[in-house]
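Quick notes on the structure that follows.
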Amino acid sequence: MKLFVNPKPGSELKVPGLVWEAPTTALTESGHWEMTAAGGAMARPRAGEPLIFLLEKAPGTNNPFAMGVTVGRVGSNDLIIDDASVSRFHAWFQQDERSQQWALTDAESKNGTWVDGAKAAAKTRIVLRDGALLKFGEVTVTFLLPAALTTFVEQRFRAA
């Protein structure tokens, strides 16, 4: 899992990212926190401190899925979202070489993948727009292309 760290001023990121911000309440839709590992600490965003995941392959993972950037609950994924509502291997991102557009595909996840409020059919490629709201199980993130992600980060660091 690669979490974003403050870039040098004036530098632009080269890859898109997912922004996971703290919900207005500290509870899930079911009304309580859910953990996947007994006694384990979960990496969750705190109010005013979003987590940012860069969309790139994670080095050193045992991930046999070379065609894209995987997202799921377990350590073999490129992006790890440790939440009980996220499947072990939930979905994957791919960038089209010709158009350079990014797409998301649900990997037959148990609790579904949503793009801008519409449920994604399993194994169906959905082209993403900058700023799209994605939902993996009960976890909502925002997809930002490199320029928008750079702007988001710079604005957050200026406000801090």
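All values below were derived from every heavy atom in this structure, side-chain atoms included, with hydrogens, water molecules and symmetry-related copies excluded. The shown structure was predicted, so the numbers you read here are calculated from the model rather than taken from an experiment.
Between W20 and F53, the ring planes are parallel. Angles under 30° get that label, and only those over 60° would be called perpendicular. Between W102 and F93, the two ring planes are perpendicular [angle over 60°; tilted spans 30° to 60°].
Legend: salt bridge (charged side-chain N to carboxylate O under 4.0 Å, His left out) pairs involving residues 100-115, not counting sequence neighbours, sorted by first then second residue: E108-K123.
S87 places no side-chain N or O within donor-acceptor distance of the main-chain N or O of F89, the cut-off being under 3.5 Å. Checking side-chain atoms of N111 against main-chain N and O of S85 turns up a donor-acceptor pair under 3.5 Å. Using a distance-only test at 3.5 Å, with no hydrogens or angles considered, no donor-acceptor pair links the side chain of T142 to the main chain of G131.
Here the closest heavy-atom approach between residue L144 and residue D130 is recorded as CA-OD1, 3.4 Å. What you find for R73 and N77 is that their closest heavy atoms are N-ND2, 3.9 Å. The shortest non-hydrogen separation linking K135 to E138 is CE-CA, 3.9 Å. K119 approaches W114 most closely through the heavy-atom pair N-CE3, 3.1 Å. Heavy atoms only, all atoms of each residue included: D78 and G68 are closest at OD2-O, 3.6 Å.
Side chains of Q95 and Q100: a donor-acceptor N/O pair is present below 3.5 angstrom, by distance only.
V69 has its side chain out of reach of W92: every pair of non-hydrogen atoms, C-beta onward, lies at least 4.5 Å apart. Side-chain contact between L18 and I52 is absent, with no heavy-atom pair separated by less than 4.5 Å.
Under the 4.5 Å side-chain heavy-atom criterion for grouping Ile, Leu, Val, Met, Phe, Trp and Tyr, L13 is connected to V15 within one hydrophobic cluster. Under the 4.5 Å side-chain heavy-atom criterion for Ile, Leu, Val, Met, Phe, Trp and Tyr, V127 and L145 are members of distinct hydrophobic clusters.
Heavy atoms of other residues, nucleotides or ligands lying less than 6.0 angstrom from CZ of R88 number 12 at most.
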